[in-house]
Number of protein chains: 2
Amino acid sequence: MVGDQDSVGALDPLVGYHLRRAFGAFSGDFTAAMEGTGMRQVLVGVLAVVARSPGINQGAVGRVLDIKRANMVSLINELVEAKLLTRETDPQDRRAFALAVTDRGREVLADSLARIEAHEARMLAGFTETERAALLELLRRIERRAGDSA
Amino acid sequence: MVGDQDSVGALDPLVGYHLRRAFGAFSGDFTAAMEGTGMRQVLVGVLAVVARSPGINQGAVGRVLDIKRANMVSLINELVEAKLLTRETDPQDRRAFALAVTDRGREVLADSLARIEAHEARMLAGFTETERAALLELLRRIERRAGDSA
DNA sequence: TATTGTTATACTCTATAACTATA
DNA sequence: TATAGTTATAGAGTATAACAATA
């Protein structure tokens, strides 16, 4: 069988290597789960963050999701053109845009989250709830360490 | 504090979201750890696989690491031009190239692995050995599920 | 027919630098 | 002077299709 632990030699004991592969597996299945919807990982992320904090501007969304301002532009354009987000000049700070999710955006987000739940169930089949929670907690601790040096 | 769990709304309970962020944190620190060496994640991967299986061809390396044949070409070119790999026509199958790591390649791989160990120690600071092993095992189970559908 | 390696191509993601308009 | 958004650009990763040589 190809892809077995042994064939990767020195990589096998590395957490980073397995993180990479597990992320790749998730990404591939995520893309398949979203097929036909036009949604991608980042777009769902942006939609979820704006839904959580209506009126937020793109810079702030980028800071939450670790996306550079320059790269936020086309993402927001995509979502606004698809009528999933509205973008209006913030009266309190006329440099910024206040973002909000449209009704259609809320529908698409709900549909995306339903697909994602099925996708997660698929990827974590065989995991007990305890194991799932443990994995989540260990991953969160890695993210926090990243913040230390940033 | 930016990037807090709460600000991501519906994403927070998702393993995929945290996998993505943890992978991003690892990748950033990996790149920093390799600064000045010219090595990248994929290149170390290829070097490690060839070191483990001398005489292997590029297609097989790609299958092990989930890299498409078309994308292997420039990677192998890079490593051969840097004199870290040799590429010779396989006498048993003249379509294929038998790959092998050069002495210099072995040195670079050893140096890379030393840097990676320090990087992993940094990213997993505060993890007990039990926690590290648990994380590794949970990630491996996700990879295996990915193989099921492939 | 199938497989190895190759070329060409394209899309996404990520990163930096320089610009504008507002604060 | 700092910040919000923008433009332009470039590198890396990933994907597909089509081809030549060999099996």
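Letters A, B, ... mirror the listed sequences (proteins, then strands); counts begin at 1.
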Fill in: 5′-ward residue of the pair A:Met72/A:Arg95 relative to DNA chain D
A:Arg95

Discussion item. Looking at C:dA23, I'd like to know if its phosphate oxygens (OP1 or OP2) sit under 4.0 Å from a side-chain N or O belonging to A:Gln92.
Written reply: no

Worksheet entry | Euclidean distance, atom CZ of residue A:Arg87 to atom C1' of D:dA4 [Å, nearest integer] | 13 Å

Worksheet entry | Separation of atom CZ in B:Phe26 from atom P in C:dT14, rounded to whole Å | 18 Å

Practice prompt. Would you indicate whether the side-chain heavy atoms of A:Ile76 and A:Phe97 approach each other to under 4.5 Å?
Written response: no

Worksheet item: Taking atom P of D:dG13 as reference, at what distance in whole Å does atom CZ of B:Arg20 sit?
Response: 16 Å

Discussion item. Looking only at the side chain of A:Asp93 (C-beta and beyond, no hydrogens), which of the listed nucleotides C:dT7, C:dG5, D:dA4 gets closest?
Written reply: D:dA4

Practice prompt. Could you state the atom-to-atom distance from CZ of A:Phe23 to C1' of D:dG13 in whole Å?
Written response: 11 Å

Response to the item:
Rounded to whole Å, CD of A:Gln41 lies from C1' of D:dT14 at a distance of 13 Å

Fill in: side-chain N/O A:Arg40 vs C:dC13 OP1/OP2, d < 4.0 Å
yes

Worksheet item: Could you state the CG-P distance from B:Leu75 to D:dG13, rounded to the nearest angstrom?
Response: 7 Å

Practice prompt. Report which part of the nucleic acid A:Asp90 touches: base, sugar-phosphate, or nothing (heavy-atom distance under 4.0 Å, all strands).
Written response: nothing

Worksheet item: Less than 4.0 Å between a side-chain N and a carboxylate O, is that true for A:Glu107 and A:Arg104?
Response: no

Discussion item. Run the side-chain contact (heavy atoms from CB on, under 4.5 Å) test on A:Val42 and A:Ile67 for me, step by step, so that the C-alpha distance in whole Å, both residues' side-chain angles and the decisive distance to 0.1 Å come before the verdict.
Written reply: CA-CA 9 Å; A:Val42 209; A:Ile67 303 173; 3.4 Å; yes

Practice prompt. Take the protein atom CD of B:Glu78 and the nucleotide atom P of C:dG5, then report the distance between them rounded to whole Å.
Written response: 18 Å

Response to the item:
Comparing A:Arg69 with B:Lys68, nearest DNA chain D nucleotide closer to 5' gives the residue A:Arg69

Item to complete: Specify the residue among B:Asn77 and A:Asp66 whose closest nucleotide of DNA chain C lies further upstream toward the 5′ end.
Response: B:Asn77

Practice prompt. Treat each ILVMFWY residue as a node, draw an edge where side-chain heavy atoms are under 4.5 Å apart, and state whether A:Val73 and A:Val64 are in one component.
Written response: no

Worksheet item: Hey, does the side-chain of B:Arg94 have a donor or acceptor N/O within less than 3.5 Å of a partner on the base of D:dT22?
Response: no

Fill in: Heavy-atom side-chain proximity of A:Val101 to A:Leu84 below 4.5 angstrom
no

Practice prompt. Please report, rounded to the nearest Å, how far the P atom of C:dT14 is from the CZ atom of B:Phe30.
Written response: 17 Å

Item to complete: Tell me whether the OP1 or OP2 atom of D:dA15 has a side-chain N or O from B:Asn71 closer than 4.0 Å.
Response: no

Practice prompt. Nearest-nucleotide wise, let me know which of A:Val42 and B:Ala98 is further upstream toward the 5' end of DNA chain C.
Written response: B:Ala98

Worksheet item: Counting just side-chain N and O atoms, does A:Arg63 come under 4.0 Å of either OP1 or OP2 of D:dA4?
Response: yes

Discussion item. I want to verify a distance call: between C:dA23, D:dG5, C:dG5, whose nearest atom is closest to the B:Asn57 side chain?
Written reply: C:dG5

